[in-house]
Amino acid sequence: MRLLGRTWKNGHVLRDTVVEDTTDDTRTHKVFHCLHEVVMEFDLPEPIWLDSNIREFQKRAKTKFSQDSFVEDIPFDWLEIEIIEE
């Protein structure tokens, strides 16, 4: 699995990265692992998965984490993750 992570501010990408998980783990575990790698690379706290994030990710393999998903203040509008290869 390859997952794209991006931070956005005012409609512009601030940072992006692609992380990969080649283990034989479940899809869910791979997503959590990749998300962890993204936030570690960007030096961010782990976002909280809200019900809206779960529904959107299940439907499109993509979701946005806004300030509501973070305990701490974030210096961007949202963190977007998207599976680009399974």
Thinking salt bridges, do Glu56 and Lys62 make one under a 4.0 Å N-O criterion?
no
Any Pro47 side-chain heavy atom under 4.5 Å of Val39 side chain:
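Contact flag for Pro47/Val39 side chains = yes.
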Derivation of the side-chain contact (heavy atoms from CB on, under 4.5 Å) call for Phe70 and Ile48
CA-CA 6 Å; Phe70 291 92; Ile48 299 165; over 6 Å; no
How many angstroms lie between [atom1] in [X] and [atom2] in [Y], if you round to the nearest 0.5 Å?
X: Gln67; Y: Glu72; atom1: CD; atom2: CD; result: 9.5 Å
X: Phe42; Y: Glu37; atom1: CZ; atom2: CD; result: 12.0 Å
X: Leu4; Y: Asp16; atom1: CG; atom2: CG; result: 6.0 Å
X: His29; Y: Asp24; atom1: NE2; atom2: CG; result: 13.5 Å
X: Trp78; Y: Thr63; atom1: CH2; atom2: OG1; result: 12.0 Å
X: Arg6; Y: His12; atom1: CZ; atom2: NE2; result: 14.0 Å

same_hphob_cluster([X], [Y]) at 4.5 Å side-chain heavy-atom cutoff:
X: Phe32; Y: Val19; result: yes
X: Leu35; Y: Phe57; result: yes
X: Leu44; Y: Trp8; result: no
X: Ile83; Y: Ile54; result: yes
X: Val13; Y: Leu3; result: no

From the options Asp25, Asp21, Thr28, Thr23, select the one residue that forms a side chain to side chain donor-acceptor pair (under 3.5 Å) with His33.
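Of the listed residues Asp25, Asp21, Thr28, Thr23, the side chain to side chain donor-acceptor pair (under 3.5 Å) partner of His33 is Asp21.
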Report the C-alpha separation of Leu79 and Lys64 in whole Å, then their side-chain angles, then the decisive distance to 0.1 Å, and conclude whether the side-chain contact (heavy atoms from CB on, under 4.5 Å) test is met.
CA-CA 6 Å; Leu79 167 67; Lys64 297 176 183 178; over 6 Å; no
Got a donor-acceptor contact below 3.5 angstrom from the Thr7 side chain to the Arg15 backbone?
yes
Side-chain donor/acceptor of Gln58 to backbone N/O of Asn53, under 3.5 Å
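Checking the backbone N and O of Asn53 against the side chain of Gln58, no donor-acceptor pair under 3.5 Å is found.
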Might you work through the side-chain contact (heavy atoms from CB on, under 4.5 Å) test for Arg27 and Met1, ending with a clear yes or no?
CA-CA 8 Å; Arg27 181 179 192 255; Met1 169 182 289; 3.8 Å; yes
side-chain contact (heavy atoms from CB on, under 4.5 Å) between Ile74 and Phe65, worked out:
CA-CA 10 Å; Ile74 53 173; Phe65 297 101; over 6 Å; no
